[in-house]
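We name chains A, B, ... by the order of the sequence lines, and we start the count at 1 in each one. The basis for the numbers below is simple: all heavy atoms, side chains too, and nothing from hydrogens, waters or symmetry mates. All values reported here derive from a predicted model rather than from experimental measurement.
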Amino acid sequence: MNAPLVIFFVLAAIAVLGAVSLIVQRHPIHSALSLIVVMVALAGLYLLMGAEFVAAVQIIVYGGAIMVLFIFVIMLLNAGEEERTNFSKLALYAGIPLAVAVTGLIAAALVNSRVAAALPPAGPATLTSTRTLSTLLFTEFVYPFELTSFLILVAILGAIVLAQREN
Amino acid sequence: MVPTNYYLLLSAILFGLGIVAFVFKRNIITIFMAIELMLNAVNLAFVAFSQARGKPDGEVFVLFVIIVAAAEAAVGLGIIILTARNRRSLNVESVNLLKL
Amino acid sequence: MESLNQVMLQNVFHVLPELVWCGFGVLLMLLQPFLKSRQALTFLAMIGAAAGTLVTFSTIAGSGFSGLIQFDTFSLFFHWLVGLISFLVILASDSYLEREGLDGAEFYALILFATAGMGVLASAQELLTAFIGLEMSSIASYILAGYRRDSIKSSESAMKYFLLGSFATAFFLYGIALIYGVAGSTNVAAIADVSPNSTLLRLGLTLILVGLGFKVAAAPFQIWTPDVYEGAPTPVTALFSAGPKAATFALLLRIFSTVHAATDFWFWAFWILAVLTMFAGNLGAIVQNNVKRMLAYSSIAHAGYTLVAFAAISFVRPDADAVAPAYAAVLFYLASYALVSVGAFTVVSEVGGQGERYLTYDDYAGLGMRQPFAAAALSLFLLSLLGLPITAGFFGKLYIFTAAIKSNLVWLAVLMAANSVIGAYYYFRLIVVMYMREYKGTVPADASKGLSPTAAMVVTVAALITLYLGLAPNHVLGIVLTQPLMLSAR
Amino acid sequence: MPILEHLWIIPLLPLLGSAINGLLGWKWPNKIVHSVALGSTGLSFACALEAVREFLANGQQTFRKEFFDWIVAGAFRAGFDLQFDQLTVVMVLVVTGVGFLIHIYSTGYMAHEEGYFRFFSYLNLFMFFMLILVLAANFVLLFVGWEGVGLCSYLLIGFYFLKKSATNAGNKAFIVNRIGDFGFMLGMFLLFRTFHTLDFAAIFAQAGPLPAEALGQFGVLTVACILLFVGATGKSAQIPLYVWLPDAMEGPTPVSALIHAATMVTAGVYVVARSHVLFTHAPTAMYIVAIIGCATAFFAATIGLVQSDIKKVLAYSTVSQLGYMFLGCGVGAFGAGIFHLMTHAFFKALLFLSAGSVIHAMGGEQDMWHMGGLASKIKVTFWCMLFGTIAIAGFPPFAAFFSKDAILFAAFNHEPGGKVLYTVGLLAAVLTSFYMFRLIWLTFFGQKRYDEHHVHVHESPLNMTVPLMILAFLSLTGGWFALPAFWGGKDYFAEFLSPVFGAAETAAGETAQSLEHILSFVAVAAAAVGLAVAWRMYAKDVKHGKSEGLHKLLYNKYYVDELYHVAIVAPLIWISRNVLWKVVDVGVIDGTVNGIANGTTAVGNTVRQTQSGNTRSYAVWVLVGAVVVFGIIFWPILRPALFEGMW
Amino acid sequence: MALNGHLLTFLVFFPAAGALALLWLRGDDELWIRRFALVVSGIEFVASLLMLRAVPIGQSGYSLEEFAKWIPSPAINYHMGVDGISLFLVILTTFLTPICVLASWKGVHFRIKEFHVMLLLLEVGVVGVFLSLDMFLFFLFWEIMLIPMAFLIGIWGHDRRIYAAVKFVIYTMAGSILMLVGIIWLYNATGTFDLPTIQAMIHSGQLQLSERSETILFLAFFVAFAIKVPLFPLHTWLPDAHVEAPTAGSIILAGVLLKMGTYGMIRFCLPLFPEASHRAAPYVAVLAIIGIIYGALVALVQPNLKKLVAYSSVSHLGFVVLGIFAFREISMQGAVYQMLAHGISTGALFLLVGMLHDRRHTFEISDYGGLCIPMPRLAAFFLFVALSSMGLPMLNGFVGEFLILLGTYQAHWHWAAWAATGVILSACYLLWSYQRVFFGEVTHQKNRQLEDTSARENWMLVALAVVILWMGVGSPFFTRRFAAPCKAVIEQMNPKVMHEAAVPLMAVPQDEVHAENLAERLAAR
């Protein structure tokens, strides 16, 4: 029972608990906050694996930008507690079981896959420098990278189109 | 050292929790959060694999995913605002004009 | 460094169409303040679409960007297809936007970006690139679906499409992640080398199929389609039914043609999905009273027919000689269906009138007298959907039947036949309504003034191509038939 | 030999007449119309005579000629082939001759009727088909005439198409005949199957050498003959298909005379005689013919006893006389049968025409109970009718005496069972003379039972009476061909026909000579008995008492029509309407078709329910799909996992 | 004849060209539209007569063949040809079309242009079906023909026209789509759509079909044809379609369209799947016989004159199917002849019924009665046609029925025996209905002043009557031409079975030996 394992379990527990609380919380703000918790926990795990750049991005972009955006919107629409309506009988009765089933199947498949088992443990042993990432980003993956720029453009466009008031 | 399997299992669980959240929550915004949660799970898997294989490109993918997530967030929240504006409710179940 | 630029430059030539489309998208945004008249924007957008399609002639075949991109006749075909579709949709949207009082620049830009995304999908050789392309087209689609901001339906359709779409995307992405895990790369070529009896690969492909199945609206993932299609602005619906679907099928084909494991895993999945989809679509359509929604259901049904061909493909070994016709069947069918549905939806959007109010069968009663041209064109499209000879749809069906029977999927063929009959019922019913029912006066006279010139153009083009494909399919078929060979010779 | 070579002229002439009248007659005055009709028939009569002359001139060579192919398919050929032999001679002369007379008669009788041209057009058409029938050299062409005369009888019975009863009778006649034809066709098919041809000559040539089939054994020939005979029963009104003939009296009287007495109804006898070669090889069939004929003769006679409609009496007597002819054929005396056919043609035509003349005189009255005492008023008619009556009753030296005698004699000599046939036949003879004289007395004697203020009895014009007289003469002399046979001479008629029937004629040895005399005296005695009883009952005035018991049964023709209606017609219609159409067709079959359509729609509606419009449900559906896909793709792994319970 | 090279092409596409030209006419000058259509169809008819010279008598195989590559893969070729069987069916079509134009001269009075366009397009489809030698082409025309027919019913029909039209289309399509699957299966097995080629392959044994697959293929084709015929119990679309269709529609429908089914059986089912046909024959025959009797009985009790005629078609076509599936040369020729005869007779019947409807606007028999008085000519024609339809000798109906029954009897006497009852019943329903419509006193005042046939109508009726008579008397003119092809079909069917041509017994009548073994045969029975 070495240190990394302990840290892993702690962070994993936090992440899972965060996710659960995201579900059980009634108020969107609380859900958002619990999601942030999850993300931070994940960032920790990334660090644990030695992917510190990703961890940073996770914190800054995800936990920072995106979630802030969420909270901002929640505030804007001053969304209150969600009323737990059950118009969808299907979701009421089959929803959770099916979700669990899917999860179970995926997990089972994962656990039983020889490949996954054979993988060497992911650890800081292989520490990826930001340099290598950027090189990859600008040589091998330059095309998708450029495309993402257009993607962002589309997103901005969308925000303009959708959120603008009627003129 | 933490076996990769653990990470994968965790990602699977988070992904599953994301699904649960998606079908369980009623508030559109939280449902959207559920999607973000699922994406995070995917990211975890990516990082885990890339670290295990010692191939950095997995982390590049994570960056891409985050960018996409950001874009989706922008558009998604725009749509949510639009919906909320059109019908004064954020309950996804009340949005059922189109049916049958 | 010099050499690197050379490589770059050369690479660019593999992706010219996407660049052109995106470029024109940006250009539209930039020029919006200066171009006051919508016609000008439309024109520019059309030029963009056309240019993007035409530059394919100057693209260089082969793989580029370190194997992320594979530009071959296969992707060439799809570039033409999506290019043509977006061109027609833009042309058709002109009058629509005017009628609904929506501003054009963003609309066209989004269409162009979406087109670019589809282009990426069509030529992506690497899953993450494909994912980006998918997202480009999807996100643009989400926005387009909700483009009529003041319409509750439109926003609802946008919301549903967005939520469920990203939900499915998550599955797709997870699948990619797993495949990355097993293959150490997301390049299709690399995946092909993975031992087919790896559980992880199986799981990955499963999740990918879920994600893509959602995009192509295969039952039971078709569930979102009718609502989204009905709510979206009709030209956008036309785009949805034709473009993204075709592009997604392209990606599926790409995976198929390379990853044998996929064909093994997916055969029965496709068999069952095909049957479910056909029935879901046709049975749903048969009870509709809303033409737009009926067409939405019918698009599901046609996705089902396409899946039959997929089942046929996945049944035969990729090197068997039967595979070429099967691929040809898919491509030809997609092409024929895309054109027909664009045409049909255009007519619907024109007949719908301001605010898309007149969409029910009753509103179509006696259309043959009120708008002979529109009615005739729509009938032609319906007959093509129905699969009547000398229309494109007939040959599409024929090739799929042929493919299915070549792969000894007789029962699938018979089920498809049964579905065609069900389809015949509701398509013919609309024709009956248009020509044999008396006009009940539900539609005010002003709403039923013939097609706008632009729409008429679109309809004419679509109709002519439909007939052309129905009379001389061999030309297009020639191209289509050569390409799978290119594919398998990867 | 101009005419024989162009035998087709004989039938063609009436056809032309019919066509001309039918197409143009409606705008012509009666004179032109009937001159066309008479011209064509008369001419064809003349041609017939000339043909006969030529035939006799070249030594009675059976003449046969194929004019053109009518139907050719594979090995089957039915040509327009005509043949001319002794049997044909008799028939052609009867048809054209009697036909011509009746044409003349009709010019008077129909003078004041609507549709004069229609009548003669039909009549000529009938002549055409009848001549085809008798001249045909193969079964198929014979069948043409066979059906054709049926058609004409349908048209002429329904001539007064405003009368429901008339058109009903027409339909009845045609349909009942069709039932017979059904048998006739099957007979032809069987013959073709056996002999691979339907030519008379060819078939008989092959059948000739065949052994006669043992009694009681149903060989091919027996079946074929029976089937042919079924056709004959239809056409010649034998049990059980006789029912149409009495109703056929709805037609104008000349029609009754020509078609339903003299010519058409004898077609059946003709066919049996024509294919005697087959019949002689099928004793069982022969027996059936004889028995049916005999039974009909008696049965119909009994009904004739009590009828009050003058034409009905004659109708039933016709049925009965036809029965005699079949009896003759059945016992192998084909010659006698044909002989009786000829004489019957004369006297029955005579009787009908006279009856017509009576009706004409009475202004359309047909019920004998509203007549009486006419003898003094319409002498010619009376005498003619009397001649006819004596003739049919079988008093020497009138025609029927010889012919009926020959038949009964043949029946008597027939072994086994001939005696029974003979006795029944004799009884029928008694009945015949009874109801005929009853008719005479009721009509011509006693006091008037009609209202003179309304009915102005008047003798018919010459164009009606002259044919009567001619026929009267014929029915007196018609039988004398056989006269010499009495003092050991030879029966010229039989001898003339012998080339056709050959040995078929049951030879009468000299021992039979005396027997024959005895039998003929018995026959005359029988006729006398009938006469006596009739005189006893009807000579003095009688009231038309209400009928009950046996009389009622007879008067209502044993309720056979009603029986047929209840047993066959009504159920058929009822089942067709209420079961086949309303239940099976509309309900079951079309119901299934529409049911499938509605079922599909219903399923569609349920499928549609899944589109609840609720995003959460949709998400669940996606999950369902995911599970399904997972299940399918992982099946190879899941199966062992699930069923062998191991991961 | 300059056309001779491409006569068939001309025949198929000339009406289409006519239809196109018609579109350019102004919609409102009705008279010219009608005249134009009449001229076009007339020319078509004359042109179709040219085929008579080209089709050689006494030898099977196709004449005037035309061949052109159309689609390389799947190899679809434009292959046309005519033989004795299709020859007369085409002529029948081209003969009936002008009559249809004339028939709707007064009957159709709105959207006249569209009407005639549809009529001509229909002719294209039907002629194409009869002339195609490429299965794919056949199917193509087969499907195309649906739409104009459906429009004819659905637009110019009567009250329940839409129901009838939809039923007609869906029903037929349900059958034909399966046939398409069958065709493709064959293509998959042979690599060609070319009918003669496939036939050759099958009979050279080059193409071996397993019993199961042959049966399935046979059914795929047969069901499609049986629906078209229509064979009991697939017939229920017919009464609806007929009753609702306008006169012209009914004429073509009864006259020609139904024949496409039986034609298909002769062309495809028998030659391509001989074994399966043999296996199926008993069942088919039973259905056909049921159809004959059932159709007649149901016709007997129809209160609706047009429905009555429709059901009579079911009965008559039953004869045809029976004749085909008796596999005898005689019955086969009879079947073909009956197809033609029925086309003329029933076409004429529908024409006459249509004339009554034009005047009185009802099909109910009870609304008529005593029509002999106001309209003697029409009554006469009606009787004539009715007689021909009930198979009176010397009229067209007899030859076919007789040959069918005769031939069938040679093979299976009990089939013929059952079927022959149809002869009785046909007399029943026709005469009974005729009596109720034309005989008796005039019951409805409306019927008193109905005017008799006009000159135009007389011409149509006379033309039909002449054909009826000619076909009744001069049948060899027709049979000579399709004898050889029928024989060929039969021989392909059963090369080993000696059919009745084999030994004419009467060849040596005097020969004792022969007489003896005939005697033995008789005794054996």
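Neither the backbone nor the side chain of Ala34(B) has a heavy atom closer than 4.5 Å to any heavy atom of chain C. In this structure, chain B has heavy atoms under 4.5 Å from both the backbone and the side chain of Leu178(C). Looking at Ile223(C), neither its backbone nor its side chain comes within 4.5 Å of chain B, counting heavy atoms on both sides. Phe46(B) touches chain C through backbone and side chain together, each having a heavy atom under 4.5 Å away. Heavy atoms closer than 4.5 Å to chain C are found in the side chain of Ile35(B), but not in its backbone. With a 4.5 Å cut-off on non-hydrogen atoms, Phe15(B) touches chain C through its side chain but not through its backbone. In this structure, the portion of Leu128(C) lying under 4.5 Å from any heavy atom of chain B is its side chain and not its backbone. With a threshold of 4.5 angstrom between heavy atoms, Phe171(C) approaches chain B through its backbone and through its side chain. Residue Val182(C) touches chain B through its backbone alone, counting heavy-atom pairs closer than 4.5 Å.
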Stepwise side chain to side chain contact (heavy atoms under 4.5 Å, CB included) test for Val120(C) and Ile132(C): CA-CA 8 Å; Val120(C) 174; Ile132(C) 304 278; 5.7 Å; no

Stepwise side chain to side chain contact (heavy atoms under 4.5 Å, CB included) check, Leu127(C) with Ile208(C): CA-CA 10 Å; Leu127(C) 290 178; Ile208(C) 286 185; 3.9 Å; yes

Verdict with reasoning, Leu205(C) to Leu209(C), per side chain to side chain contact (heavy atoms under 4.5 Å, CB included): CA-CA 6 Å; Leu205(C) 288 174; Leu209(C) 186 57; over 6 Å; no

Side chain to side chain contact (heavy atoms under 4.5 Å, CB included) between Phe172(C) and Phe214(C), worked out: CA-CA 10 Å; Phe172(C) 179 57; Phe214(C) 178 93; over 6 Å; no

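Between the side chain of Glu18(C) and the main chain of Gly117(C), no donor-acceptor pair closer than 3.5 Å is present.
Across every non-hydrogen atom of Ala177(C) and Val42(B), the tightest pair is CB-CG1, 4.1 Å. The two residues Ala116(C) and Trp21(C) make their nearest non-hydrogen contact at CA-CE3, 3.7 Å. Residue Ala217(C) comes nearest to Ile300(C) through the heavy atom pair O-CG2, 4.0 Å, listed as atom of the first residue, atom of the second, then distance.
Between chain C and the options Ile31(B), Ile19(B), Val92(B), Ile67(B), the largest number of non-hydrogen pairs under 4.5 Å is found for Ile19(B).
Note that the CZ atom of Phe49(B) and the CG atom of Leu44(B) stand 10.0 Å from one another [nearest 0.5 Å]. Taking CG from Leu121(C) and CG from Leu251(C), the interatomic distance works out to 5.5 Å, rounded to the nearest 0.5 Å. Taking CD1 from Ile69(C) and CG from Asn11(C), the interatomic distance works out to 9.5 Å, rounded to the nearest 0.5 Å. Going from atom CG of Leu28(C) over to atom CZ of Phe113(C) covers 8.5 Å, rounded to the nearest 0.5 Å. Once rounded to the nearest 0.5 Å, the distance linking CD1 of Ile152(C) with CG of Leu97(B) reads 6.5 Å. With rounding to the nearest 0.5 Å, the separation of CZ in Phe32(B) from CG in Leu163(C) is 8.0 Å.
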Distance-only criterion, 3.5 Å: which donor-acceptor pairs connect chain C and chain B?
from: Arg149(C); atom 1: O; to: Asn86(B); atom 2: ND2; distance (Å): 3.0
from: Ser155(C); atom 1: OG; to: Asn86(B); atom 2: ND2; distance (Å): 3.0
from: Glu156(C); atom 1: OE1; to: Arg87(B); atom 2: NH2; distance (Å): 3.0
from: Glu156(C); atom 1: OE1; to: Leu97(B); atom 2: N; distance (Å): 3.0
from: Glu156(C); atom 1: OE2; to: Leu97(B); atom 2: N; distance (Å): 3.0
from: Glu156(C); atom 1: OE2; to: Leu98(B); atom 2: N; distance (Å): 3.1
from: Lys160(C); atom 1: NZ; to: Leu98(B); atom 2: O; distance (Å): 3.0
from: Tyr174(C); atom 1: OH; to: Ser11(B); atom 2: OG; distance (Å): 2.8
from: Tyr174(C); atom 1: OH; to: Ala12(B); atom 2: N; distance (Å): 3.3
from: Tyr180(C); atom 1: OH; to: Lys55(B); atom 2: O; distance (Å): 3.2
from: Tyr180(C); atom 1: OH; to: Asp57(B); atom 2: OD1; distance (Å): 2.7
from: Tyr180(C); atom 1: OH; to: Gly58(B); atom 2: N; distance (Å): 3.1
from: Gly181(C); atom 1: O; to: Arg53(B); atom 2: NE; distance (Å): 2.6
from: Gly181(C); atom 1: O; to: Arg53(B); atom 2: NH2; distance (Å): 2.7
from: Val182(C); atom 1: O; to: Arg53(B); atom 2: NH2; distance (Å): 3.1
from: Gly184(C); atom 1: O; to: Lys55(B); atom 2: NZ; distance (Å): 2.4
from: Arg293(C); atom 1: NE; to: Leu100(B); atom 2: O; distance (Å): 2.5
from: Arg293(C); atom 1: NH2; to: Lys99(B); atom 2: O; distance (Å): 3.1
from: Arg293(C); atom 1: NH2; to: Leu100(B); atom 2: O; distance (Å): 3.0

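Scanning residues 73-80 of chain B against chain C with a 4.5 Å heavy-atom cutoff picks out Val75(B), Gly76(B), Ile79(B), ordered by number.
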